[in-house]
Amino acid sequence: MSESVGEEKDRLEALLELASAAALEVRVLSAAARAAEQAPSGSATCRVGHRIWVVLSPEDPVSHQSRVLAEALARHRAEFLEGRFLTPALREFIERVDPAER
């Protein structure tokens, strides 16, 4: 059964709050950045020095943005997640998209 748009947006908001608490730097591409030749073509995670950036493209669907955030959290902040209370649905979502599980 598919989720409603409201549920997907709520999950994205929860992931954004979690990413902030986990010290991931989340950046949303602006129109000017998207027009630049070397701008990412979509949402992605990258390392900048010792920091982890999650770049979100507003053109990507909310479900894709959520997956990118969940993958970044699982890959780069797994220890943080282990010691943090998450709702069962959010924890299950993160575990489902965890790249280590693939």
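Nothing here was measured: the structure is a model prediction, and the numbers come from that model.
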I'd like to know if the side chain of Gln65 and the backbone of Ser57 have a donor-acceptor N/O pair within less than 3.5 Å. yes
Can you tell whether the side chains of Glu13 and Lys9 come within less than 4.0 Å, N to carboxylate O? no
Under 4.5 Å between side-chain heavy atoms, hopping through other hydrophobics if needed: is there a path connecting Trp53 to Val26? no
Look at the side chain of Arg67 and the backbone N and O of Ile94, then say whether any donor-acceptor pair between them is shorter than 3.5 Å. no
Hey, is the main chain of Leu81 close enough, under 3.5 Å, to the side chain of Arg91 for a donor-acceptor pair? yes
Donor-acceptor contact below 3.5 Å, side chain Arg47 vs main chain Ile52: no
What's the spacing between Leu69 CG and Leu56 CG if we round to 0.5 Å? 5.0 Å
Nearest 0.5 Å, what's the CD-CG distance between Glu17 and Leu12? 10.5 Å
Tell me if a side-chain donor or acceptor on Asp60 pairs with a main-chain N or O of Ser43 at a distance below 3.5 Å. yes
Stepwise side chain to side chain contact (heavy atoms under 4.5 Å, CB included) test for His76 and Glu71: CA-CA 8 Å; His76 301 288; Glu71 286 178 4; over 6 Å; no
Carefully, step by step, assess Arg75 and Thr45 under the rule side chain to side chain contact (heavy atoms under 4.5 Å, CB included). CA-CA 10 Å; Arg75 178 175 288 170; Thr45 302; over 6 Å; no
How many angstroms lie between CZ in Phe80 and CG in Leu73, if you round to the nearest 0.5 Å? 8.0 Å
Enclosure of Arg84 CZ (heavy-atom neighbours >12, cutoff 6.0 Å): no
What's the separation between atom SG in Cys46 and atom CD in Glu25, rounded to the nearest 0.5 Å? 9.5 Å
Would you confirm whether Ser20, through its side chain, and Leu16, through its main-chain N or O, come within 3.5 Å as a donor-acceptor pair? no
Side chain to side chain contact (heavy atoms under 4.5 Å, CB included) evaluation trace for Leu15 with Phe93: CA-CA 10 Å; Leu15 287 165; Phe93 179 77; 3.9 Å; yes
